[in-house]
Amino acid sequence: MNCIGAGRTGSTLCRLLSPYISISQIINRTERSAQKAVSFIENGSPLALTTGDFKTLRPADIWMITCPDDAISELGKALLESNILRDGDTIFHCSGALSSKIFDTTGRSKINVASIHPIHSFAQPEKSLTTFSGTYCAVEGDEAATSLIGPLFESIGALLMPIGHENKVLYHLSTVTACNYLISLLDLSQTILAEAGISDIGNTKPLQGLIEKTVDNFFQGNAQTALTGPFARGDVSTIAGHLNALKTTPPVWQEVYTSLGHLTLNIARSQGQLPDDNLTAIADLLDHAQREQKN
Ligand SMILES: NC(=O)c1ccc[n+]([C@@H]2O[C@H](COP(=O)([O-])OP(=O)(O)OC[C@H]3O[C@@H](n4cnc5c(N)ncnc54)[C@H](OP(=O)(O)O)[C@@H]3O)[C@@H](O)[C@H]2O)c1
């Protein structure tokens, strides 16, 4: 297997896969970076690639492209237009948002293509070597490619989730909501707490226990069993008080509160405990605040 773009993801996957497949060339933009990757992988020979100049590449049955998402299309195109690929070879990438359709195999129909996206953060490659096993991976592409890549990833502990190529963007939206937006929400919670005059106590974050218990409750059960607080209780006046306080804060705080308020109210409604009057009163408050935001 050759790897183009052995950064955090590529280096980690090559090192994990190396007992199961022979790693040939490790191709980055710079010689220094390729050398660093080879040292980490403990396999393969380093190569610095000037985009489009594929004369120095050696053939390989499998090409893993783990460069940044924005470069996948260009590199895939250059690879497919080169004469380095042989019929039956496989190319895959690991992007969450892009599908295997990014590789245009028109005229090269015997090249197999796939994408496989691990729901894993490779921020600390050394750590990922021990934590990757058990990672869910969304996989799609040609039958020939997925039946080759899938078992290979299973050998390093991946749990495969087949996905349609047309659903990759929605799928990625889910992971961004779960991972990135959760961080934004946690950060906003801490900012509001600081605004209320409470800051970290030593290394302890006062909201940490509440957050961890809530996440735990969600995964032990579901949204209905985990939701508590003013929306679940139907406390109309408390929510009115929140909206009043938000009139003097940055507008985005109110936008977040009202948008997520509607989602939270839907969960409260599905719990089936609240009288309709409370549900309607809260929905009216949120709608009214949103109308005021627009004016
Ligand atoms: N990071 C994650 O946690 C994670 C998780 C799941 C999936 N992914 C996916 O994995 C892929 C890689 O992400 P990453 O975070 O691992 O990236 P990264 O650490 O920034 O590494 C990117 C690598 O690509 C190389 N590169 C960039 N442009 C190139 C080019 N034109 N030709 C050859 N090599 C090139 C870079 O080489 P130089 O060092 O020489 O510039 C670098 O080694 C992306 O598709 C991403 O969506 C990442």
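Hydrogens, waters and symmetry mates are skipped; everything else that's a heavy atom, side chains included, is used. We count ligands from 1, going down the list as the structure has it; atoms in each ligand are counted the same way.
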Report task. Check whether any side-chain heavy atom of L75 sits under 4.5 Å from a side-chain heavy atom of C67, and report yes or no. Result -> yes

Out of all atoms in ligand 1, which are within 4.0 Å of some heavy atom of [X]? Include the element for each.
{"X": "G5", "result": "23 (C), 24 (O), 25 (C), 34 (N)"}
{"X": "A6", "result": "43 (O)"}
{"X": "D69", "result": "44 (C), 45 (O), 46 (C), 47 (O)"}
{"X": "S121", "result": "3 (O)"}
{"X": "I4", "result": "33 (C)"}
{"X": "P118", "result": "6 (C)"}

Shortest reach to [atom] by a heavy atom, considering only [options]:
{"atom": "atom 38 (P) of ligand 1", "options": "S33, P125, A78, A34", "answer": "S33"}
{"atom": "atom 9 (C) of ligand 1", "options": "C94, S11, G96", "answer": "C94"}
{"atom": "atom 27 (C) of ligand 1", "options": "S95, P68, A71", "answer": "P68"}
{"atom": "atom 30 (C) of ligand 1", "options": "R29, H172, Q124", "answer": "R29"}

Query raised in the report: Which is it for F132 and L13 under the side-chain contact (heavy atoms from CB on, under 4.5 Å) test, yes or no, and what are the steps along the way?
Result: CA-CA 9 Å; F132 180 83; L13 290 175; 4.1 Å; yes

Query raised in the report: Within the structure, does R8 bring an N/O atom to less than 3.5 angstrom of an N/O atom in ligand 1?
Result: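 By distance alone, the answer is yes.
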
Query raised in the report: Counting both backbone and side chain atoms, is some N or O of H117 under 3.5 Å from an N or O of ligand 1?
Result: no

Please work out whether any backbone atom (N, CA, C, O) or any side-chain heavy atom from C-beta onward of [X] is under 4.0 Å from ligand 1, and answer side chain, backbone, both or neither.
{"X": "A37", "answer": "neither"}
{"X": "C67", "answer": "both"}
{"X": "L75", "answer": "side chain"}

Report task. Answer yes or no: is there an ion pair linking K110 with D89, defined by an N-O contact shorter than 4.0 Å? Result ->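 No salt bridge links K110 with D89.
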
Ignoring hydrogens and geometry beyond distance, is a side-chain donor-acceptor pair present between [X] and [Y] at under 3.5 Å?
{"X": "D69", "Y": "H93", "answer": "no"}
{"X": "T225", "Y": "N222", "answer": "yes"}
{"X": "S18", "Y": "E42", "answer": "no"}

Query raised in the report: Less than 6.0 Å separating the ring centroids of Y171 and H117?
Result: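 That pair passes the under 6.0 Å test.
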
Query raised in the report: Under 4.0 angstrom from ligand 1, any heavy atom of H120?
Result: yes

Determine the minimum heavy-atom distance between [X] and [Y], stating which atoms define it.
{"X": "G10", "Y": "T66", "value": "CA-OG1, 3.3 Å"}
{"X": "V169", "Y": "A97", "value": "CG2-O, 3.7 Å"}
{"X": "A37", "Y": "N28", "value": "CB-ND2, 4.4 Å"}

